[in-house]
Each structure stands twice: as structure tokens, then as C-alpha cells.
Amino acid sequence: LTVDFDWVNFKRDMTSITSNRFFDAQDQPIDSLYQGNKSLSLQNANNYSLNLDMEHPIKEWKLNYGGRYSWTKNDSDNQFFNTSSGKPIYEEHRSNSFYYDENIFALYASIEKDITEKWSAKVGLRYENTNAKGYSPQENQRDKYNYEGLFPTAYVMYKVNDNHSISMNVGRRIERPFMGQLNPFRTIYSPYSFSEGNPNLKPSYSYNYELEYAFKDLAITTLYYRNSTDNIMQIVIVNPDENTQSWVPHNYADVESFGLSENLNFKLFKWWKVNGAIDLYYTKSKGIIPAYDYKIDGFNGEFRWTNNLELNKSKTLLFNHTTNYTTKGIDGLSKSRSIWNTSLGLRA
């Protein structure tokens, strides 16, 4: 029996200063529209969690069961000052407080068995219940959230021999909206743009199916299918009648992906380790809100190459190089250009 209790306290005190300048059709500044803003943001969050995990062998079976309870209390306060005149003037209607409490209770059980010398399997089930509430004093709005679900997992492996194995995994997952996405207060950036939260957000659920082949620890090949519903994203909505654009999180799309990935680990020399990863997949997305009522699909590719070198025999001088490249492709309901980056590191 393992018991864990964790407490995390997070505090943030941040000042941000912004300014907006506006220009006419001849690119001349319109001084009367100049805006200067200053925000003082205070946030205090406490997270408590209690975990009980039991490992319970029964003859040839391995049984695990347990539970988890977590409680999060998050208070935030944002004071807004207008500095357009040169001195800060407090504006109550553009200041914002938000209080958010979240309680998550979960129970789980799994059972694992080596069926034969070559076959092994594991199945599990997790029950989860979430209760949360948010309060915005400025909007005089209180919102409550309650959702529960069952999350099964299953795993089967066939060991061909000491070097080769084949396995299959199935699982269901949840992605909850976080506090900032649920805050209904509207933050105004300019007369033409603003952002606000969406207290009507629902959690997003996904199913993952994987078929994996492994050769020792050197190469892992995975064929997968993923299907997620009610994906959450902060999207831009343009209103041509009011000449405004807004940034609001929505459950905006259902997404499914088919893919093939390869992960390689090997040593060129005793002091030189190399890791390579390739992920090629086809994505199909469907918008589920009026502003994004369309479908989009296409192929994506992600490549990573990493080198780790030990530059001396005592292994106290280490060098690292990583290059990532992502092809142009589909990200949700958007098209993205190709991206690459390289990093170099030296540690003594």
C-alpha cells in the first residue's frame, strides 16, 4: 500500500504595460485614439491531492487498485489602469477577479497476467467525477460544472522472442477546460478587439488505439488511430458588422488521425548516442460551431534527430544537439507552414 499526499502553492504577481496606436488610411497617427494600459495581476493557487495505491498479487495475477482525490482553489485578481493621459487611472469596469474551485475524485482498478511465456495482458478501468464552480464578481456570474466518466484501458503483448515483441493498446482520455478558459470576463485590447472566457465549455474526450512492434530497445514502430471529440481551442471570430475580432475558447472541432511513427535508439560509439523519431500521419477535422462550419484534412510529418556525446572519459563534459522539423500540414481546423529548429547544449 502506497499513500501520497501532495500540496502545491503557486503565487504570481505580474505587471504588464501595453499601448495601442491607430493610423488612418495614409498611415498618419490618430493621436485622439491612443491607448495606454497597465495591469496588475495577482494570483494565488493551492492544489492538494491524496493518492492511495494498492499492489495486490493473487497467485499468477497482479491486481492494482486505488483512488485519488484532488482539490484546487485558485483566486486571481487583475487591476486595470488607463495610462493614456500620462498617469494611471483605475478603471473598475475593466478590472477583473475570478475565483475557481475544482474537486476531482477518481477510483481505479487494473489486473495483469502473464497468460503464457509469450502472451501477457492487462485491463483497467478508471472512474472519475469532477465538481467545480467559478465566480466572477464583475459579471455577477456563478457557474457550476459536474461531469463524470469511465475510462477503460487494455493492453496485450506477444513476445516473439527475446528481441522481438508485438503489443496493442487501447485507452480513453479526458482533457478538462482550465480556469482561465472558463472566466466569462471580457478583456478589451482596443475598440476593435477583445478576448473572453467561455463558461459553457465541456471537456474533450479521446480514444487512442496503438499497434506496436519493438526490436529490443533499439527500434519501436507504432501504427495508431486517434479520435477526439469537442476539442478545445481559443479561436478568432471576426464580426464584419461590428468591425471587431474576438478571441474566445470553444469546443470547436472533432478530430481523427491515422499515423505511423518510428523511434530509433543506437550508439555510433560508446560515447555517442543517437535518437531519431519520425511521425507521419493523416488528420481529418470537422468544425462543430457555426463560425468554423467546414472540414479540412491533410498529411503531416514530424522529424526529430538528437545526438548526445560524452566528451571525456570521466563523463563530466557532455554535448547535446537536437533538430526538429515539422512539415506543412493540418493543425485542427488550420493550415500551418513548415517549422524547424535546432538547439545545441554543453554541460560541464
Could you tell me whether a side-chain N or O of [X] sits under 3.5 Å from a main-chain N or O of [Y], the two making a donor and an acceptor?
X: S41; Y: N78; answer: no
X: S336; Y: D331; answer: no
X: N198; Y: P249; answer: yes

Between L280 and F303, is any pair of side-chain heavy atoms under 4.5 Å apart? yes
Give, for atom [atom1] of [X] and atom [atom2] of [Y], the distance between the pair rounded to the nearest 0.5 Å.
X: W305; Y: I278; atom1: CH2; atom2: CD1; value: 9.0 Å
X: F319; Y: L311; atom1: CZ; atom2: CG; value: 8.0 Å
X: Y100; Y: S136; atom1: OH; atom2: OG; value: 14.5 Å
X: Y281; Y: R226; atom1: OH; atom2: CZ; value: 9.0 Å

Going by the angle between their ring planes, with limits at 30° and 60°, are Y65 and H56 parallel, tilted or perpendicular? tilted
Is the [atom1] atom of [X] crowded by more than 12 outside heavy atoms at less than 6.0 Å?
X: N161; atom1: CG; answer: yes
X: M157; atom1: CE; answer: yes
X: K113; atom1: NZ; answer: yes
X: D6; atom1: CG; answer: yes

Would K286 and D254 count as a salt bridge (Lys or Arg N to Asp or Glu O under 4.0 Å) if you check the C-alpha gap in whole Å, the side-chain angles of each, and the deciding distance to 0.1 Å? CA-CA 5 Å; K286 178 182 181 299; D254 295 337; 6.0 Å; no
Flag this pair as yes if the NZ/CZ of [X] is under 6.0 angstrom from the six-membered ring centre of [Y] and inside a 45 degree cone about the axis; otherwise no.
X: R186; Y: F194; value: yes
X: R304; Y: Y325; value: no
X: R142; Y: Y135; value: yes

Test side-chain contact (heavy atoms from CB on, under 4.5 Å) on N163 and F215; report intermediate values, then the result. CA-CA 6 Å; N163 295 330; F215 172 64; 4.0 Å; yes
Show the numbers, then the answer: is there a side-chain contact (heavy atoms from CB on, under 4.5 Å) between I166 and L211? CA-CA 7 Å; I166 300 172; L211 179 63; 4.2 Å; yes
Before you tell me yes or no, could you show the steps for R176 and E128 under salt bridge (Lys or Arg N to Asp or Glu O under 4.0 Å), namely the whole-Å CA-CA distance, both residues' side-chain angles and the distance that decides it to 0.1 Å? CA-CA 12 Å; R176 306 176 194 86; E128 197 170 280; 2.2 Å; yes
With side-chain contact (heavy atoms from CB on, under 4.5 Å) as the test, would you mind laying out the steps for S343 and N341 before giving the verdict? CA-CA 7 Å; S343 63; N341 64 74; 5.5 Å; no
Is there a side-chain contact (heavy atoms from CB on, under 4.5 Å) between T221 and L260 once you walk through the steps? CA-CA 7 Å; T221 304; L260 178 68; 3.9 Å; yes
Please tell me whether N227 and E256 have a donor and an acceptor in their side chains that are separated by less than 3.5 angstrom. no
Given D75 and N44, is the side chain to side chain donor-acceptor pair (under 3.5 Å) satisfied, shown in steps? CA-CA 5 Å; D75 300 338; N44 184 24; 5.6 Å; no
